[in-house]
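Presented below is the structure to which this report refers.
FYI, the numbering just counts along the sequence from 1. All values derive from a computational prediction rather than experimental measurement.
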Amino acid sequence: QVPLVESGGGLVQAGGSLSLSCTSSLPRLSNYAVGWFRQEPEKARYFVAAVARTDDSTYYLESVKGRFTLSRDVDKDMVYLHMNALKSEDTAVYFCAAGPFASMDSRDYDYWGQGTQVTVSS
């Protein structure tokens with residue numbers, strides 16, 4: 001079983017919007033900090049955004065601040081990454097991850113999804 005599953009990826013024109021969702025086979029995703037990471041071809045995954053487990057504080061990569069919004073839906077036990085004003089530089093496979101605390105370090109997360117492709121045309 002894949003612990004986390006991302007969905008919502010696709011092809012979008014630069015300047016457009018796209019929303020990704022993260023669902024989980026874990027008992028309650030809301031009990032975990034959730035991070036979003038992305039990986040460009042032949043490059044390592046790196047931090048994009050995260051939400052804390054306790055107080056829902058959010059953190060963002062500087063280049064996505066003001067454009068991306070991470071949110072939780074407790075009733076649906078899902079986490080979203082709303083992406084606006086997309087740029088070609090945002091093209092990547094996006095992963096969600098769950099762990100004990102919000103972190104920019106992928107090693108701090110215990111559970112991962114397999115990723116969803118986001119392609120932004122220039």
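Note on ring orientation: taking the six-membered ring where Trp is involved, the planes of Tyr109 and Trp112 are perpendicular (angle over 60°, cut-offs 30° and 60°).
Using modelled atom types and a 3.5 Å distance limit, the side chains of Ser103 and Asp105 yield no donor-acceptor pair. His82 and Ser17 share no donor-acceptor pair across their side chains, judged by distance under 3.5 Å alone. Residues Ser21 and Ser7 have side chains that bring a donor and an acceptor to within less than 3.5 angstrom of each other.
Although no hydrogens or angles enter the test, the distance criterion places no donor-acceptor pair under 3.5 Å between the side chain of Asp90 and the main chain of Val120. Glu6 contributes a side-chain N or O that, together with a main-chain N or O of Cys96, makes up a donor-acceptor pair within less than 3.5 Å. Here the side chain of Ser24 pairs a donor or acceptor atom with the backbone of Pro3 at under 3.5 angstrom.
Just one residue in the list Asp77, Thr58, Asp56 forms a side chain to side chain donor-acceptor pair (under 3.5 Å) with Arg72, and that residue is Asp56.
Within a 6.0 Å radius of CD in Gln114, no more than 12 heavy atoms belonging to other residues, nucleotides or ligands are found.
Leu70 and Leu61 fall within a single hydrophobic cluster, where Ile, Leu, Val, Met, Phe, Trp and Tyr side chains are chained together by heavy-atom contacts under 4.5 Å. Cluster annotation: Leu18 and Tyr80 are assigned to distinct hydrophobic clusters (Ile/Leu/Val/Met/Phe/Trp/Tyr, side-chain heavy-atom contacts under 4.5 Å, transitive). Both Leu81 and Tyr46 are assigned to one and the same hydrophobic cluster, defined by single-linkage of ILVMFWY side chains at heavy-atom distances under 4.5 Å. Hydrophobic clustering keeps Val5 apart from Leu26 (ILVMFWY residues linked when any side-chain heavy atoms are closer than 4.5 Å, directly or through intermediates).
Between Ser122 atom OG and Gln13 atom CD the span is 10.0 Å, to the nearest 0.5 Å. To the nearest 0.5 Å, atoms OG (Ser71) and CE (Met78) are separated by 10.0 Å. A distance of 11.0 Å separates CG of Asp73 from CG of Leu29, quoted to the nearest 0.5 Å. Considering OG of Ser19 and CZ of Phe68, their distance stands at 10.5 Å, rounded to 0.5 Å. Annotation: the span from Tyr60 atom OH to Trp36 atom CH2 amounts to 12.0 Å, rounded to 0.5 Å.
Contact record, Phe47 with Tyr59: CZ-O, 3.6 Å, taken as the closest heavy-atom pair. Considering all non-hydrogen atoms of both residues, Tyr32 and Ala98 come closest at CB-CB, 3.9 Å. Of all heavy-atom pairs between Ala102 and Ala50, the closest is CB-CB, 4.0 Å. Summarising the geometry of Lys43 relative to Gln39, their closest heavy-atom pair is O-NE2, 2.8 Å, with the distance given to 0.1 Å.
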Steps toward side-chain contact (heavy atoms from CB on, under 4.5 Å) verdict (Gln117, Tyr94): CA-CA 6 Å; Gln117 177 71 47; Tyr94 284 71; over 6 Å; no
With side-chain contact (heavy atoms from CB on, under 4.5 Å) as the test, would you mind laying out the steps for Val93 and Val118 before giving the verdict? CA-CA 6 Å; Val93 175; Val118 172; over 6 Å; no
Arg38 vs Val64, test: side-chain contact (heavy atoms from CB on, under 4.5 Å). Steps then yes/no. CA-CA 12 Å; Arg38 66 189 184 188; Val64 308; 4.2 Å; yes
Chi angles and distances behind the side-chain contact (heavy atoms from CB on, under 4.5 Å) call for Thr23, Leu4: CA-CA 6 Å; Thr23 61; Leu4 304 178; over 6 Å; no
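Looking only at side-chain heavy atoms (C-beta outward), Glu89 and Glu40 stay at 4.5 Å or farther from each other. Two residues are said to be in side-chain contact when any heavy atoms from C-beta on lie closer than 4.5 Å; Met83 and Thr69 fail this criterion. Residues Asp110 and Pro100 are in side-chain contact: their nearest non-hydrogen atoms beyond the backbone lie under 4.5 Å apart.
Note that Arg45 lies in the cation-pi zone of Phe95, set by a 6.0 Å cut-off to the ring centre and a 45° limit from the axis.
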